[in-house]
Every structure is written in structure tokens, then in C-alpha cells.
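Structure record follows, encoded as C-alpha cells.
Just so it is clear, the structure is predicted and the values come from calculations on it, not from any experiment. The sequence lines fix the lettering, A, B, ..., with proteins before strands; numbering per chain opens at 1. Just so you know, these numbers use all the heavy atoms, side chains as well, and skip hydrogens, waters and symmetry mates.
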Number of protein chains: 2
Amino acid sequence: MTYQEDRNLEKEISQAVIRRMPRYYRYLGDLIDAGIERISSNDLSSRMNVTASQIRQDLNNFGGFGQQGYGYNVQYLYDEIGKILGVNEKHNIIIVGAGNLGQALANYVKFEKFGFVTIALFDVDTKLKGQKVRNIEIHMLEELEDFVKNNTVDIAALTMPKAKAEAIASQLVELGVRAIWNFAHVDLKMENKNVVVENVHLSDSLMQLSYNIAKNRQE
Amino acid sequence: MTYQEDRNLEKEISQAVIRRMPRYYRYLGDLIDAGIERISSNDLSSRMNVTASQIRQDLNNFGGFGQQGYGYNVQYLYDEIGKILGVNEKHNIIIVGAGNLGQALANYVKFEKFGFVTIALFDVDTKLKGQKVRNIEIHMLEELEDFVKNNTVDIAALTMPKAKAEAIASQLVELGVRAIWNFAHVDLKMENKNVVVENVHLSDSLMQLSYNIAKNRQE
DNA sequence: TCTGCTTTGTACCCCATAGATACGATTATA
DNA sequence: TATAATCGTATCTATGGGGTACAAAGCAGA
């Protein structure tokens with residue numbers, strides 16, 4: 001059996017599970033802050049409003065982190081989930097589009113706590129040239145290619161209008177960027193299977209809220 | 001049969017379907033911009049990368065919008081989905097937390113195209129007092145209660161640090177706000193069943209991306 | 001050490017949802 | 001008018017989320 005075949009046999013962990021992991025991570029962080037050292041799946045389940053069963057099954061996708069009769073050590077579990085999510089490794093981010101949203105992301109200090117460090121912003125607006133956001137320089141878009149070639153860029157956050165998003169995404173992938181955090185109002189379908197994309201559609205979220213407002217009013 | 005019993009018999013439309021509707025809406029908007037007047041479920045399915053069957057079934061949850069042998073009229077379907085999502089009604093938004101993210105949301109002109117109008121921002125920072133973001137005034141947090149009592153507030157966007165989020169959410173609900181768009185890094189569990197909450201956790205999304213980067217590298 | 005309690009890891013089951021297939025009904029189009 | 005296109009809808013299958021149950025393992029107190 002080849003390595004690839006072997007890997008194919010491994011049970012793929014569904015994105016539904018992955019989506020829940022940051023939430024566990026967040027609650028465990030809060031528990032640490034509260035000075036709590038151990039927790040049972042049952043206790044955690046009532047705090048998080050999910051079932052204890054689901055917690056145990058989710059965690060078991062990655063290995064047995066608990067002990068019968070004891071529960072989970074909060075700090076240990078926090079660290080392990082951190083490793084799973086890659087939160088301990090440093091990730092360099094560039095932000096393309098230095099408008100309000102781009103600058104807001106650059107200012108979000110909390111991301112750095114998790115190893116996500118913004119190293120540059122880019123924009124076409126010459127008025128922004130050379131300006132800094134929290135010591136992070138805003139470059140002109142022409143400099144993008146050189147910058148990516150000469151620096152390690154793990155993630156590119158796209159916060160420019162949708163008209164330009166696809167072209168820039170392609171350019172970035174061409175230059176070797178392997179992760180796109182897309183805020184533009186399009187679905188980026190990357191041909192290259194080695195590229196991962198995470199879309200954040202704020203309008204979609206707002207519309208879902210709007211639907212639920214109307215539904216709620218009706219009931 | 002009472003009205004309530006009758007309503008209970010209606011098949012509840014799952015949130016999975018609702019989540020897809022804004023995406024249909026977005027593609028239809030693009031089709032309108034491209035001057036395309038009619039479209040078949042088959043054609044749309046290849047553009048959106050979902051099955052034609054799912055499109056027809058999703059739309060049929062809300063009624064028959066198409067015509068056999070013709071397909072769907074793009075403008076009509078766009079308008080109908082808009083109605084379903086409540087995008088044609090005006091929604092007044094207040095933003096609590098006038099930091100970078102709050103100001104970024106206030107600057108997002110596109111939301112107004114869908115009827116979501118930001119009417120005020122609030123913050124505790126006295127330096128911001130009286131400043132305006134795109135003609136929208138930043139108020140002090142003390143003024144929140146009066147403002148909500150004297151204005152129609154459909155949605156409150158929370159963009160302040162998590163420490164204050166729960167208290168302010170409770171206050172807003174107390175004052176009659178029925179929809180919370182939460183960007184703070186906590187899960188808001190509202191006691192009041194008449195309140196709808198939509199959480200946007202950017203960190204969670206970033207961590208999911210991070211996991212997929214690591215997974216992708218491994219394969 | 002022994003006993004009873006706690007709690008995990010895991011097997012098994014059910015149900016919702018995605019998605020395929022199929023087809024009658026209806027409309028467009030040549 | 002005949003043929004092709006296409007919706008609305010019923011039915012079926014596969015997948016996965018999530019609940020229930022319980023044996024195994026460790027903890028804690030006597």
C-alpha cells in the first residue's frame with residue numbers, strides 16, 4: 001500500500017467538526033482565564049449549549065484527550081486544540097485593500113495572540129501610500145508582486161471591491177500564496193487544488209438575519 | 001383549526017436553505033448586471049456549482065417562480081428572493097462600538113442598497129464624541145437608551161470588546177431591539193425567544209482557514 | 001486496598017439533508 | 001402543430017450530524 005492510499009483510508013474529518021473547534025478553543029480559553037483546571041464533557045456541554053456526546057465525539061476525531069473519572073485538563077486540551085488549529089505556528093498575513101475593512105483587520109490585535117501577524121497592506125489609492133496602520137505599512141498594489149516574492153506570505157486577506165477580487169486572487173496564487181481569506185462579495189473558485197479559501201460574506205449574514213427577523217415577527 | 005395550529009403544520013424551512021438564499025440572490029444580481037434576462041436551473045447550477053435539482057427544490061420551498069420550457073425570469077426571481085429575505089424593507093441599524101470594525105461597517109455603502117441603513121454609532125471613547133462617519137454621528141454610550149427609545153432600531157451590530165457585549169446586548173433587548181448582529185468574541189445566548197442573533201466570529205473563520213492550510217500542506 | 005462514583009471512549013441508532021433520477025405538465029420555438 | 005426545453009414534484013439513496021447507551025478506566029474516600 002502506497003503512502004497516498006494509506007492516507008486515503010484515513011477518515012476525513014468533516015468541515016462541520018472543524019468549524020466547531022475554534023468555539024471549543026474559545027470556551028477553554030475563557031475557562032483558563034477563570035482559573036478552572038479541569039472540566040467534564042457534561043459540564044462543558046451545559047456551558048456551550050451542545051451535547052456532551054458531541055463534545056466527546058468531536059474531540060475523539062483527533063485523539064483521546066480526556067481521562068475517565070477525571071474529565072479533561074483544561075490547559076492541556078486548550079493547547080492540543082491550538083495545535084490542531086495551527087494557532088501556535090506563526091502565519092504572515094497581507095491585506096489587499098486598505099479601506100475601512102482592511103484597516104480594521106490590520107488593527108485587530110487579537111489575531112496576533114493566535115499567531116496571525118499582518119505584515120503589509122496594499123491599495124491602489126495613492127493617498128494612502130506610505131501611511132501606516134499600527135506600524136504596518138500600506139504599499140501600492142504595483143509592489144505586491146515583489147513583496148510576495150521577497151517575503152513569506154501565508155494568508156492573503158482580500159478586502160477590495162469584488163470587481164478586482166478574482167484577478168488579484170489569481171495573481172496571488174500564481175505567486176505562490178496558498179490561502180485566501182476572502183471578504184469580497186464573490187465566491188472565489190480556485191482552480192488550484194492546493195489553495196484553500198475561506199469566504200466571509202457579511203452581506204449574506206445580514207440577509208440571513210433579516211429573514212429571521214421577518215420570520216420571527218410572523219410567529 | 002386555530003391559526004397557530006395551522007402555522008405549526010407548515011413545514012419549517014431549514015436554516016440550511018436560508019443560508020443558501022443570499023447566494024442565489026447575489027448570483028442573480030450579477031446576471032442582471034450582465035444583462036441576462038432568463039436562466040434555467042441547469043444553467044444556474046453550472047455557474048454556482050450546485051445541482052439543478054437543489055436549486056429547484058430550494059426555490060420551491062417558497063413557491064413556484066419558474067415556468068416550464070422557459071426557466072426563470074432573472075429580474076422576477078431576484079425580486080422575489082429579495083422579498084423573502086426582507087431586503088426590500090428598510091432596516092435601521094445602530095452600531096455599538098465605533099472602533100475600526102464598527103466604522104468599517106458604517107462605511108459599507110453596499111448594505112444600503114439592500115435597505116440596511118446605519119443611523120448611529122455609539123462608543124465610550126470621548127475623543128470620538130460628535131465625530132461623524134459618512135455623515136453618521138458617533139454618540140456616547142450613555143445616550144444609547146434615549147436614542148433607542150426615540151428612534152426605530154431594527155438591528156444592533158455589536159462591535160465592542162467581548163467583556164461588554166453581554167451587558168449591552170441585554171440592555172438593548174430590554175429596550176426592545178429584536179435583532180443582534182454580533183461581532184464580539186462571545187456567543188450571545190438571549191433568553192428572550194423573540195430576539196434573533198447572528199454571530200460573526202472572524203477569529204473562528206481565520207482558525208478554520210489555518211487548519212485547512214495545515215491539512216493541505218500534509219496531503 | 002477496596003468500593004462506589006465519575007466520566008471517557010466508542011458502538012449503535014435515528015433523522016435531516018444533499019443530491020440523483022424520473023416524469024407529467026407546461027411553455028417556447030421552429 | 002410538433003418538438004424541444006424546462007419546471008414542479010415525488011421518490012430513493014447516501015452521508016453525516018447528533019443522540020443513547022454502556023463497558024472500561026480512573027478517581028476518591030474509607
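Using a cut-off of 4.0 Å between Lys/Arg side-chain N and Asp/Glu carboxylate O, D187(B) and R26(A) are scored as salt-bridged. Ion pair K162(B)/D30(A) flagged as a salt bridge, since at least one NZ, NE, NH1 or NH2 atom sits closer than 4.0 Å to an Asp/Glu carboxylate oxygen. Salt-bridge check for D43(A) with R47(A): passed, with a basic side-chain N closer than 4.0 Å to an acidic carboxylate O. Checked for salt-bridge contact, K90(A) and E112(A) miss the test: no charged N lies under 4.0 Å from a carboxylate O.
Atom pair I39(B):CD1 and dT6(D):C1' shows a separation of 13 Å (rounding to whole Å applied). Per the geometry, CD belonging to Q57(B) stands 19 Å off P belonging to dT6(D), to the nearest Å. Here the P atom of nucleotide dC22(D) and the CG atom of N60(A) are 19 Å apart, to the nearest Å. For Q67(B) and dA5(D), the CD to P distance is 18 Å, given to the nearest whole Å. I18(B) has its CD1 atom 11 Å from the P atom of dT17(C), to the nearest Å. Whole-Å rounding puts the R19(A) CZ to dG16(D) C1' distance at 12 Å. Distance D58(A) CG to dG19(D) C1': 13 Å, rounded to the nearest Å. For L59(B) and dT6(D), the CG to C1' distance is 14 Å, given to the nearest whole Å.
Using the six-membered ring where Trp is involved, H91(A) and F116(A) have ring planes that are parallel, under 30° apart on the 30 and 60° scheme.
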Please list every donor-acceptor pair under 3.5 Å in which a side-chain atom of residues 94-110 of chain A meets a protein atom from a residue at least two apart or in another chain.
| residue | atom | partner | partner atom | Å |
| --- | --- | --- | --- | --- |
| N100(A) | OD1 | N107(B) | ND2 | 3.1 |
| Q103(A) | NE2 | A98(A) | O | 3.1 |
| N107(A) | ND2 | Q103(A) | O | 3.2 |
| N107(A) | ND2 | N100(B) | OD1 | 3.1 |

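Distance from the side chain of S41(B) is smallest to dC7(D) among dC7(D), dA28(C), dT7(C).
Residue N42(A) is the one, among N42(A) and Q68(B), whose nearest nucleotide of DNA chain C lies closer to the 5' end (criterion: closest heavy atom). Looking at which nucleotide of DNA chain D each of G69(A) and G69(B) is closest to, the 5′-most match is held by G69(B).
When the side-chain nitrogen and oxygen atoms of R20(A) are compared with OP1 and OP2 of dG18(D), one or more of them lie within a distance under 4.0 Å. For dT8(C), the OP1/OP2 oxygens have a side-chain nitrogen or oxygen of R56(A) closer than 4.0 Å. Listed pair Y72(A) / dG9(C) meets the phosphate criterion, a side-chain N or O lying under 4.0 Å from OP1 or OP2. Checking the phosphate oxygens (OP1, OP2) of dG16(D), no side-chain nitrogen or oxygen of S14(A) falls inside 4.0 Å.
If you check every strand for non-hydrogen atoms under 4.0 Å, R38(B) touches sugar and phosphate atoms only.
Listed by residue number, the members of residues 43-55 of chain A with any heavy atom below 4.0 angstrom from DNA chain D are T51(A), S53(A), Q54(A).
Listed for the N61(B) side chain is no donor-acceptor partner under 3.5 Å among the backbone atoms of I13(B).
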